[in-house]
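Worksheet for the structure shown next.
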Amino acid sequence: MTTCESAARILVVGATGEVGRLAATELIGRGAHLALAGRNERRLAELAASSGCPTRRLDAYDLDACAGAGPWARAKLGGLDGVLVTIGVAGFGPAVEVPNAAAEHLMTVNALCPMAVLRGAVPAVRDGGFLAAVSGAIVNAPLTGTADYAASKAALACWLGVLAREERRRRIAVVDARLRHLDTGFASRAVVGSPPPLRRGRDPGPEVRALVDDLIAHLEDLAPRGSATKPWQAGTEPAGRC
């Protein structure tokens, strides 16, 4: 297990969700100093009480507030080494049947909100830090009945790839975390439709720990220099640099 020997200062957005909570717990256990943001006020209060971390409620539809999360975290932590965005929502159904309101919601939560958070964090994060967001393995192989959901995740993945090239000179690692289907109940909480037949999800603990290992390795300069968007997936070798 890679530890945060220098007490890395990291913002976790989506900390009240399952993956965000696991990532925050893992990072705290390794000595990182965190700022936590999420939608659920009760869970944020519980996190603040148990961890002592500064917290901030975020509404995915308030993109200006999302963009302000990075500067807020830097002010609270005295600097910012990295940002991890785990916010997301699922939605299913044939493309011709998904209501426009649901399609808009999927694009806002899964793409526009993470993009706004990371856009605002670019000037706040230090050179050599990281900017990471969870897209998902669905980007690699979208299933029928997932057109709008997959499109929202693919939009985020594409945006991360361009951001990586734009920030290469600052040696910022831009990580596209394409986590595999996890046993978190995420698909069952879809905003529209029902999920297609899926295999049982993987245990999220090892997947999240592996992602945290990768992020901390960037901060400790264990990875090759230069910025890249990594279509990251547990159990695979790091992808080539852009």
Side-chain angles (χ1 to χ4, degrees), residues 1-59 65-88 113-114 116-134 160 163 167 170-177 179 204-223 225 227 230 232:
M1 181 179 72
T2 306
T3 59
C4 302
E5 296 181 0
S6 58
R9 301 156 298 183
I10 298 170
L11 167 64
V12 178
V13 177
T16 58
E18 185 67 16
V19 171
R21 181 186 62 80
L22 288 171
T25 300
E26 187 71 22
L27 286 163
I28 290 171
R30 301 187 192 202
H33 295 164
L34 302 187
L36 306 174
R39 180 178 61 86
N40 190 297
E41 290 184 282
R42 178 182 59 79
R43 292 178 186 171
L44 278 175
E46 292 172 353
L47 286 169
S50 63
S51 67
C53 298
T55 61
R56 177 172 179 165
R57 185 182 183 279
L58 279 187
D59 180 343
C66 292
W72 164 80
R74 181 179 63 179
K76 289 291 185 180
L77 300 175
L80 192 60
D81 299 304
V83 179
L84 172 60
V85 183
T86 65
I87 189 172
C113 170
V117 170
L118 296 179
R119 191 192 331 275
V122 168
V125 74
R126 71 167 174 85
D127 290 1
F130 70 79
L131 298 168
V134 174
L160 290 169
L163 177 65
E167 296 304 317
R170 294 182 56 201
R171 297 188 295 111
I172 293 176
V174 179
V175 179
D176 173 5
L179 298 181
E207 298 262 333
V208 172
R209 282 193 293 274
L211 173 58
V212 169
D213 277 341
D214 190 71
L215 298 178
I216 297 305
H218 283 297
L219 295 184
E220 296 182 347
D221 208 20
L222 300 178
R225 289 182 178 272
S227 179
K230 295 181 66 177
W232 187 95

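For clarity, every value in this text was computed on a predicted model and none was experimentally measured. Worth knowing before you read on, the calculation uses all heavy atoms, side chains too, and leaves out hydrogens, waters and symmetry mates. The residues of the chain are indexed from 1 along the displayed sequence.
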Basic-acidic side-chain contact under 4.0 Å: R43, E46: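 No.
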Quick check for you: to the nearest 0.5 Å, what is the distance between [X] atom [atom1] and [Y] atom [atom2]?
X    : Y    : atom1 : atom2 : result
C53  : L44  : SG    : CG    : 11.0 Å
R126 : R74  : CZ    : CZ    : 13.5 Å
E26  : R209 : CD    : CZ    : 6.0 Å
I216 : I10  : CD1   : CD1   : 4.0 Å
I172 : E167 : CD1   : CD    : 5.0 Å
E18  : T86  : CD    : OG1   : 10.0 Å

Specify the closest pair of heavy atoms between [X] and [Y], including all atoms of both residues, with the distance to one decimal.
X    : Y    : result
T55  : A48  : CG2-CB, 3.9 Å
R39  : T16  : N-OG1, 3.6 Å
A124 : L80  : O-CB, 3.7 Å
L36  : S51  : CD1-OG, 4.2 Å
R170 : V122 : NH1-O, 2.8 Å
H33  : A7   : CE1-CB, 3.8 Å

Would you call [X] and [Y] a side-chain contact if the rule is heavy atoms closer than 4.5 Å?
X    : Y    : value
L58  : C113 : no
D213 : R30  : yes
N40  : L47  : no
D214 : H218 : yes
L215 : L27  : no

Name of the residue among L84, V13, V85 meeting side-chain contact (heavy atoms from CB on, under 4.5 Å) with L118: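 With L118 as partner, L84, V13, V85 yield a single side-chain contact (heavy atoms from CB on, under 4.5 Å), made by V85.
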Backbone N/O of R9 and side chain of D81: donor-acceptor pair under 3.5 Å: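 Yes: the side chain of D81 pairs with the backbone of R9.
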